[in-house]
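Report on the following structure.
Each chain gets a letter, A, B and so on, in the order the sequences are listed, and its residues count up from 1. Heavy atoms only: backbone and side chains are in, while hydrogens, waters and symmetry mates are out. This structure is a prediction, so every number in the text was calculated from the model and none was measured.
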Protein chains: 2
Amino acid sequence: MGASKTHIFSPVHNELAHVAKVLAHPARVAILEYISKQDGCICNDLVDVIGLAQPTISQHLNEIKKIGLLKGTFEGKNLCYCINQERWEELQHSFHAFFSNINRNCC
Amino acid sequence: MGASKTHIFSPVHNELAHVAKVLAHPARVAILEYISKQDGCICNDLVDVIGLAQPTISQHLNEIKKIGLLKGTFEGKNLCYCINQERWEELQHSFHAFFSNINRNCC
DNA sequence: ATTTAATATTGCAATATTACGATAAAGATA
DNA sequence: TATCTTTATCGTAATATTGCAATATTAAAT
């Protein structure tokens with residue numbers, strides 16, 4: 001097929017997978033880290049910093065936006081992207097919960 | 001293109017993205033959670049539990065194996081899969097480090 | 001040695017992702 | 001208005017992922 005059978009999985013599993021998919025590209029990890037390290041809202045140098053073409057960066061930013069990790073102004077010249085901290089912490093908790101949930105009795 | 005330009009990113013970013021890619025499918029999240037909740041090493045019922053065909057499950061398990069998250073016996077009949085706890089904690093730390101690293105001065 | 005039960009591999013079709021050139025749109029400035 | 005700068009969108013090619021039927025492999029049991 002090629003399409004994931006999301007309907008057979010729980011909302012929690014689908015949510016985590018959906019978010020992980022956004023982190024599943026080094027450009028998006030790099031973009032997130034870069035934005036999170038800026039003092040304020042800066043973005044018009046992402047193309048130079050990351051090293052991908054402008055349309056590609058725009059697409060990656062869109063993926064990040066879609067899971068609610070960015071807030072700010074998005075259209076036209078001189079944007080102002082920054083991390084949506086509430087959402088960031090939400091995802092942090094999701095991953096923490098996933099990783100904390102492991103049984104120790106094993107081979 | 002279609003292929004990620006991994007060579008332009010740092011090893012840390014590539015590593016996190018690589019691991020996130022494994023978590024970027026609900027079946028693999030469900031498989032990991034299921035295995036981690038078993039008392040010991042159990043796996044021959046994954047096909048029933050998850051609800052995908054046996055070759056598909058086998059492929060997903062292989063993806064998980066490739067990042068070192070599983071240990072045990074792998075070939076033939078009556079396998080014994082379980083979570084590689086050291087590796088699990090390593091990934092937990094990687095994600096924790098990534099999510100902890102965020103600046104608060106923003107819009 | 002055959003059968004049985006469980007997992008792995010192969011091959012392929014359907015779909016998704018990645019990347020970028022070309023172009024459009026939005027807004028500032030001359 | 002015209003131009004410049006910056007980001008968004010469109011179109012498309014290359015590659016990757018997902019899923020399963022068919023088949024192979026592995027090892028235990030009979």
- Task: Could you check which of dT7(C), dT18(D), dT17(D) has an atom nearest any side-chain atom of Y81(B)?
- Result: dT7(C)
- Query: Contacts to DNA chain C from residues 51-66 of chain B, heavy-atom cutoff under 4.0 Å, which residues?
  - Reply: Q54(B), P55(B), S58(B), K65(B)
- salt bridge (charged side-chain N to carboxylate O under 4.0 Å, His left out) partners of residues 46-56 of chain A, not counting sequence neighbours, each pair once: none
- Note on the structure: I50(A) atom CD1 is separated from dT7(D) atom P, nearest whole Å, by 13 Å
- Could you list the residues that satisfy side-chain contact (heavy atoms from CB on, under 4.5 Å) with A53(B), not counting sequence neighbours? P55(B), T56(B)
- Task: Could you pull out all residues at least two apart from K65(B) that satisfy salt bridge (charged side-chain N to carboxylate O under 4.0 Å, His left out)?
- Result: none
- Message: Please determine whether a side-chain nitrogen or oxygen atom of K21(A) lies at a distance below 4.0 Å from atom OP1 or OP2 of dT17(C).
- Response: yes
- Query: Just how far, in rounded Å, is P of dT17(D) from CZ of R28(B)?
  - Reply: 9 Å
- Can Q85(B) and E89(B) be counted as having a side-chain donor-acceptor contact under 3.5 angstrom? yes
- Message: Nearest whole Å is fine: how far is dT18(C) P from H18(B) NE2?
- Response: 14 Å
- Identify, with sequence neighbours excluded, every residue that meets ring pair (Phe, Tyr, Trp, His ring centres under 6.0 Å) alongside F98(B). W88(A)
- What is the distance, rounded to the nearest whole Å, between atom CG of D48(A) and atom P of dT5(D)? 14 Å
- Between dT15(C) atom P and H25(B) atom NE2, what is the distance in whole Å? 15 Å
- For H60(B), check ring pair (Phe, Tyr, Trp, His ring centres under 6.0 Å) against everything at least two apart and list the hits. H25(B)
- Against the side chain of L79(B), the closest entry in dT7(C), dC20(C), dG19(D) is dT7(C)
